[in-house]
Amino acid sequence: MVSIAEGSGGVRAVERCRALGRAPYSDMEGGLYRGWLSPAHRASVETLAQWMEEAGMAARIDGAGNLVGTYPGTGNGPPLIIGSHIDSVRDGGFYDGPLGIMLGVECVAALHAQGRHMPFPIEVIAFGDEEGSRFPAAMLTSKAVAGLLDTVPDMADAQGVSLAQALGEWGLSPETLLAARHPGALAYLEAHIEQGPVLEAEGLALGVVTGIAAQLRYEVAVRGLAGHAGTSAMPLRRDALAGAAEMILAIEAIARADHSDLVATVGRLAALPGAANVIAGEVRFTIDVRAGESPRRDHAAQAVLAEIAAIAARRGLSLDHRLIHDLPPSPCDPALMDGLEAALVGAGYPARRLVSGAGHDAMIMAAIAPTAMLFTRCREGVSHNPAEHVEEADAQAALAVMLGFIENLGVS
Ligand code: HGY
Ligand code: MN
Ligand code: MN
Ligand code: MN
């Protein structure tokens, strides 16, 4: 049994998340932001590669800009992949993504410290794009690894930098992105902060994820008539921002009325031209709809689209929407869930299974491997926020359970 010194790897994993989170970034004044292929991503990967090599791994950048650490096994079969994402939302927290990567590195460091190798290789992958916070698509780098990308979307970031150009700055290209497909894995394990309040509310450090909710995400454009704020009589206006405001409240009302795990969010909005004395002629916003099953997700999305179209018609506005993200629910593997739960109970923690409302790279990696996810407690359920917080002791507990899981996998 791989034992870990008390208060070691888990504490270091949290400290390293904080260190990465505080490193100076050129992408954004103030809050933490690591966009895929940005200077901040590059700085993080260089640091992370050193930590991987200290843990006994060989580290390399794949064709998608992911950092892949490899630790050999006594056999050369398909590897256990332990991964999560290194990118962040804008003004995000330190742990969403990096915690799962650092704990993967600590698993290997514990094995390496004892000169141990499992019957299978272990790979730790830091995915470069899970959040979709730089380019208008998400999970592109785990999709590349899972072989789910047929073409590379022609898209640019908010500064007009194209994805092809950003790849080129790393010596990569759309061709290397498409070629980043992984040959296949024994299993995929992702440790992640829960990003919700359940474990904390029940006084639990850890939970085993049963599955990940289905997601739909749209970009919407509402167009009216820009006009003078002082001379345009109210009844004659076609105010795109007032219309968007009514739509956003309608979206919220539809989700609230469902009284289920259905959630709908408008997280990004831009009003154009954005001057105080000009009636907004155009508003662009996003809609994110999620539920545990696809039919309820789809039904709610259709209700939302119908309602905002009715509001646009009433107000003399035009409306366009574009689907930019569509993920079905992703169940975790029953045998791996049992293995994770056995390791949890074996380490002295109560078994608790829960669904993930947040999306994860595990949804994508399920295309090439059975998946398992381990949640750590999240203070006050706050995430996608600089106040996001993980306790070192919970990270230490997660590490002990992950090592137990790896042992179980090694003998299974
Ligand atoms: O949106 C999500 O659920 C994840 O944080 N990408
Ligand atoms: Mn995440
Ligand atoms: Mn996230
Ligand atoms: Mn994720």
Side-chain angles (χ1 to χ4, degrees), residues 13 17 20-21 31-36 40-41 44 66 82-104 124-143 146 188-199 207 209 211-219 255 261-268 286-292 297 323-330 332 354-366 371-378 381-390 395 398:
C17 289
L20 275 196
L32 163 68
Y33 169 56
R34 272 189 299 271
W36 182 27
H41 178 196
S44 302
N66 300 316
I82 304 174
S84 198
H85 56 98
I86 192 69
D87 68 328
S88 77
V89 293
R90 293 188 178 278
D91 206 14
F94 291 164
Y95 308 100
D96 171 12
L99 181 66
I101 300 164
M102 300 310 165
L103 285 171
V124 177
I125 301 183
F127 291 108
D129 168 57
E130 189 267 354
E131 299 288 4
S133 47
R134 178 178 182 187
F135 296 100
M139 304 200 189
L140 286 186
T141 51
S142 46
K143 281 180 181 172
Y188 175 77
L189 172 63
E190 182 166 359
H192 204 288
I193 182 173
E194 178 200 336
Q195 299 181 290
V198 173
L199 293 176
V209 176
I212 303 168
Q215 295 184 14
L216 281 176
R217 200 170 296 169
Y218 298 90
E219 277 189 342
D261 63 357
L262 175 79
V263 287
T265 311
V266 175
R268 188 177 69 231
T286 56
I287 306 174
D288 178 302
V289 181
R290 307 189 193 192
R297 173 203 69 172
L323 180 65
I324 57 170
H325 193 52
D326 175 357
L327 285 176
S330 178
C332 292
L354 67 169
V355 73
S356 173
H360 302 286
D361 292 303
M363 304 173 90
I364 304 300
M365 294 301 283
T371 63
M373 283 198 73
L374 179 67
F375 270 172
T376 66
R377 179 169 24 198
C378 171
V382 169
S383 181
H384 282 188
N385 181 313
E388 191 177 84
H389 182 82
V390 168

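Ligands are counted one by one from 1 in listed order, and the atoms in each one are counted from 1 as well.
The Mn ion (ligand 2) does not have Glu130 among its coordinating residues (no N/O/S atom, backbone or side chain, under 2.8 Å). Taking backbone and side chain together, His360 holds no N, O or S atom under 2.8 Å from the Mn ion (ligand 2). For residue His85, no N/O/S atom approaches the Mn ion (ligand 3) to within less than 2.8 Å.
In this structure, the side chain of Ser133 engages the main chain of Ser88 through a donor-acceptor pair within 3.5 Å. Remark: the backbone N or O of Gly128 is paired with a side-chain donor or acceptor of Asn66 at under 3.5 angstrom. Formation of a donor-acceptor pair under 3.5 Å by the Ser142 side chain with backbone atoms of Met365 is not found in this model. Of the possible donor and acceptor atoms, none in the side chain of Gln195 sits under 3.5 Å from a partner among the backbone N and O of Ala358.
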Ile287/Leu216 under side-chain contact (heavy atoms from CB on, under 4.5 Å): CA gap, chis, key distance, verdict: CA-CA 8 Å; Ile287 306 174; Leu216 281 176; over 6 Å; no
Leu140 vs Trp36, side-chain contact (heavy atoms from CB on, under 4.5 Å): CA-CA, chis, key distance, verdict: CA-CA 10 Å; Leu140 286 186; Trp36 182 27; 3.8 Å; yes
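Counting heavy atoms under 4.0 Å from ligand 1, residue Arg217 touches it through the side chain alone. In His360, neither the side chain nor the backbone holds a heavy atom less than 4.0 Å from any atom of ligand 1.
Checked against the Mn ion (ligand 2), the N, O or S atom of Asp96 at the shortest distance is OD1. Within His384, the N, O or S atom at minimum distance from the Mn ion (ligand 3) carries the name NE2. If you look at Glu131 and ask which of its N, O or S atoms sits nearest the Mn ion (ligand 3), the answer is OE2.
Close contacts of ligand 1 with Gln215, meaning ligand atoms under 4.0 Å from a residue heavy atom, involve 3 (O). For ligand 1, the atoms lying closer than 4.0 Å to a non-hydrogen atom of His384 are 5 (O). Short contacts between ligand 1 and Glu130, defined as distances under 4.0 Å to a heavy atom of the residue, involve ligand atoms 4 (C), 6 (N). Close approach of ligand 1 to Ala358 (heavy-atom distance below 4.0 Å) involves ligand atoms 3 (O). In summary, the atoms of ligand 1 found under 4.0 Å from a heavy atom of Arg290, numbered by their order in the structure, are 1 (O), 2 (C), 3 (O).
Ion pair Glu219/Arg268 flagged as a salt bridge, since at least one NZ, NE, NH1 or NH2 atom sits closer than 4.0 Å to an Asp/Glu carboxylate oxygen.
If you look at His85 and His41, their ring centroids are not closer than 6.0 Å.
Tyr188 has its side chain out of reach of Ile125: every pair of non-hydrogen atoms, C-beta onward, lies at least 4.5 Å apart.
The side chain to side chain donor-acceptor pair (under 3.5 Å) test with Ser383 singles out one residue from His192, Glu194, Glu388, and that residue is Glu388.
In the candidate list Gln195, His85, Glu131, Glu131 is nearest to atom 6 (N) of ligand 1, counting heavy atoms.
Of the N or O atoms in Gly359, one or more lie within a sub-3.5 Å distance of an N or O in ligand 1.
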